[in-house]
Amino acid sequence: MPHGDRDRGVHLDTAGLGRMPAAARAELVRWTRHEDRHGPHVVDEYVHHVVRRELDARLAALLGAPAGDTVLSTGAADAFAALVARIPLGPGDRIWTTPYEGVANLTVLSALRDRARCRLEVVPLRPDGDLDLEWMAAHIDDDVALVSVAHVPAGCGIVTPVEDIGRVLAPYRCLYAVDASYSVGQLPVDVRRIGCQLLTGDAWRFLRGPESVGFAYASPEVRQALSPYGVGPLVPPEAARVVALNAALAVQEAAVPAGDLAAALRSAVEETPGAEPIAPGRVQSGIVAFRHAEVPAGPLRRELAARGVTVGKTVAQETPLYLPGRGVTAAVRVCVHHDNSERDVARFTEALREALAVRRHRTVPTAVRAQAPARAAVAAPGLRAVPAPTGESGAAPAVRDPRPRRTAGRRHLAPVPAPAPDRTA
């Protein structure tokens, strides 16, 4: 849908796919046709000699990174896999991840653990859902070689305090990786302030670029660590898509929190009878996830679409260390961005009310499952779960390694097995 076109409906799924600005869409069409007519080499030369200099400068400014420290790929998950898989670790090393880690990155970390025969540990949560920074400060040492954190996860709108984590990790030798796929373009992202050595992002979400384009910031420390061992090749995106991303960044507004608009969206969900927001943590982004007591996420999403409101859906497999432990299999994901308005939120609120009224006459009500009781994290074979603090309700159980399928540059997820009992305890 062209940017600013309100007559065709309300788009509240930028976390899944942003609405490309008209200038970026025009460039994508123009250079795709040019490639069809003249072949890929002409477009590749144009990108190499003209576009990349502008794009590298814009990416550096967007991320607060030094010029020349960013690389392009077909997506954030692909960049993470190519770079992290080759980090030289050994049996004495520890990898930290969080309950909000996405399935694609978790798969890479699990494979790295198996290859290096090191430990993969899950940092516990506080009772409010935030990462336990005090636990991190108490347990960090030079055995921790890699820490991987999602700035904003796929399954809910929590904003991880990546800058605070960076300050905890700074005195130690570990490499710090941040997945900014769902935050860059929506929230300020500055690698210097964060203190990370690796940051990955997608172009097609809040940056509103084309699909199958992503990027990574790789610090000199990362490049030095990888240089003796070689780096898995980063598959370059199609040249026409690179041109379109450059055009999208040229009109990118300054990333600031959605503020009042996001608060209005959350209020609309919270005030809906039967809706249960999935909103751990004290700081929320412009993403709101929820499930309903009577209507499953899929049918509700379709009812909203029939009323001209596009929303997304998140499934438990996207964040397998968090959502399954809370009894969530699927949830509606709604988000606002800079190109949304109060009118969009009002239309969503009205459409949600109408959709639920219609579905109540078609379905037999089913109760929303109760929140999973607090319990110690249980590790599947090979994945070490860190014990949760006493009274902690947000500890995430570890699961078997998920295996994602990939289509058209985006991750579509296969079912994740239920947590296996730890028979070694």
Side-chain angles (χ1 to χ4, degrees), residues 71 73 75-124 131 135-136 139-150 165-166 168-179 195-200 216-235 319-321 377-387 396-404 406 411 416-417 419-420 422-425:
V71 293
S73 72
D78 294 334
F80 186 90
L83 296 172
V84 171
R86 297 300 184 93
I87 293 176
L89 301 184
D93 291 323
R94 297 155 66 197
I95 302 171
W96 279 1
T97 187
T98 81
Y100 300 117
E101 189 73 86
V103 62
N105 289 4
L106 184 61
T107 301
V108 173
L109 296 175
S110 299
L112 177 59
R113 171 207 60 199
D114 294 343
R115 175 182 62 79
R117 300 183 182 276
C118 61
R119 290 177 289 172
L120 176 57
E121 302 172 351
V122 181
V123 176
L131 287 180
W135 184 95
M136 295 181 76
H139 291 81
I140 183 69
D141 58 34
D142 283 334
D143 288 343
V144 178
L146 173 64
V147 177
S148 180
V149 172
I165 293 172
V168 172
L169 303 179
Y172 299 89
R173 61 112 176 178
C174 63
L175 295 176
Y176 179 25
V178 173
D179 179 4
C196 61
Q197 288 76 47
L198 176 65
L199 184 139
T200 53
Y217 157 74
S219 71
E221 294 90 341
V222 169
R223 297 196 299 272
Q224 181 179 2
L226 296 178
S227 60
Y229 303 93
V231 179
L234 284 174
V235 178
T319 47
L321 298 183
V378 179
L383 178 59
R384 181 181 178 215
V386 177
V399 298
R400 296 180 188 272
D401 297 345
R403 303 297 177 192
R406 190 163 174 269
R411 298 279 174 178
V416 177
D422 187 357
R423 304 187 185 279
T424 63

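Just so you know, these numbers use all the heavy atoms, side chains as well, and skip hydrogens, waters and symmetry mates. Computed from a predicted structure; not experimentally measured.
The shortest heavy-atom contact between Leu175 and Glu221 is CD2-CB, 4.3 Å. Contact detail for Ile165 and Met136: the closest heavy-atom pair is CG2-CE, 3.9 Å. Here the shortest heavy-atom pairing between Ser73 and Ala79 reads OG-CB, 3.5 Å. Nearest approach of Ser227 to Gln224, heavy atoms of both residues: OG-O, 2.8 Å. Here the closest non-hydrogen pair linking Ala77 and Ala104 is CB-CB, 3.9 Å.
Atom-to-atom distance recorded for Asp143:CG and Ile95:CD1 is 12.5 Å, nearest 0.5 angstrom. Note: Arg86 CZ to Arg115 CZ = 8.5 Å, rounded to the nearest 0.5 Å. For the atom pair OG1 (Thr200) and CZ (Phe80), the distance works out to 7.0 Å, reported to the nearest 0.5 Å. In this structure, Cys196 SG and Asp179 CG are separated by 11.0 Å, a value rounded to the nearest 0.5 Å. In this structure, the separation between CG on Leu112 and CG on Leu146 is 7.0 Å, given to the nearest 0.5 Å. Residue Arg119 holds its CZ atom at 9.0 Å from CG of Asp93, rounded to the nearest 0.5 Å.
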Next on the checklist: Working note: Tyr217 + Val222, criterion side-chain contact (heavy atoms from CB on, under 4.5 Å); need CA distance, chi angles, decisive distance, verdict.
Outcome noted: CA-CA 10 Å; Tyr217 157 74; Val222 169; over 6 Å; no
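Leu226 places a side-chain heavy atom less than 4.5 Å from the side chain of Ile87. Contact of the Val123 side chain with the Tyr100 side chain is not registered, since no non-hydrogen atoms from C-beta on lie closer than 4.5 Å. Proximity of Val84 to Leu198: side-chain heavy atoms (C-beta onward) are separated by under 4.5 Å at one or more points.
With sequence neighbours excluded, the residues that form a side chain to side chain contact (heavy atoms under 4.5 Å, CB included) with Val144 are Arg94, Trp96, Ile140, Asp141, Val147, Cys174. Judged as a side chain to side chain donor-acceptor pair (under 3.5 Å), and not counting sequence neighbours, the contacts of Ser148 are Glu101.
Dense packing is recorded around CZ of Arg223, with more than 12 heavy atoms of other residues, nucleotides or ligands lying under 6.0 Å away.
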